[in-house]
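Written below as structure tokens is the structure these notes are about.
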Amino acid sequence: MLKGAGLITERPEGNRILYTLAEDRLATRIGRFLSAVCPEQIVLRHTKWRPGAQSEGT
């Protein structure tokens, strides 16, 4: 299921298959999901993680 969604890649090595998480794709998909489920979080995430943004306690 994860491979079909493009969230992991696989690489054969000998008689084994190594799976790697596609972190950038996973982060994008989670962001889209959260935007659909909880749209007000978009503003909070952009404000909180923007370079130079001050935290609430300061």
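Numbers for residues simply follow the sequence, beginning at 1. No hydrogens, no waters, no symmetry mates; every other heavy atom, side chains included, goes into these values.
A distance of 8.5 Å separates CG in Leu26 from CG in Leu2, rounded to the nearest 0.5 Å. With values rounded to the nearest 0.5 angstrom, Thr9 atom OG1 is found 12.0 Å from Ile17 atom CD1.
Legend: side-chain hydrogen bond (donor to acceptor under 3.5 Å, both in side chains) pairs involving residues 13-31, not counting sequence neighbours, sorted by first then second residue: Arg11-Glu13.
Listed here is the closest heavy atom pair of Gly6 and Ala22: O-CB, 3.8 Å. Minimum interatomic distance between Leu21 and Leu7 (heavy atoms only, all atoms of both residues): CD1-O, 3.5 Å.
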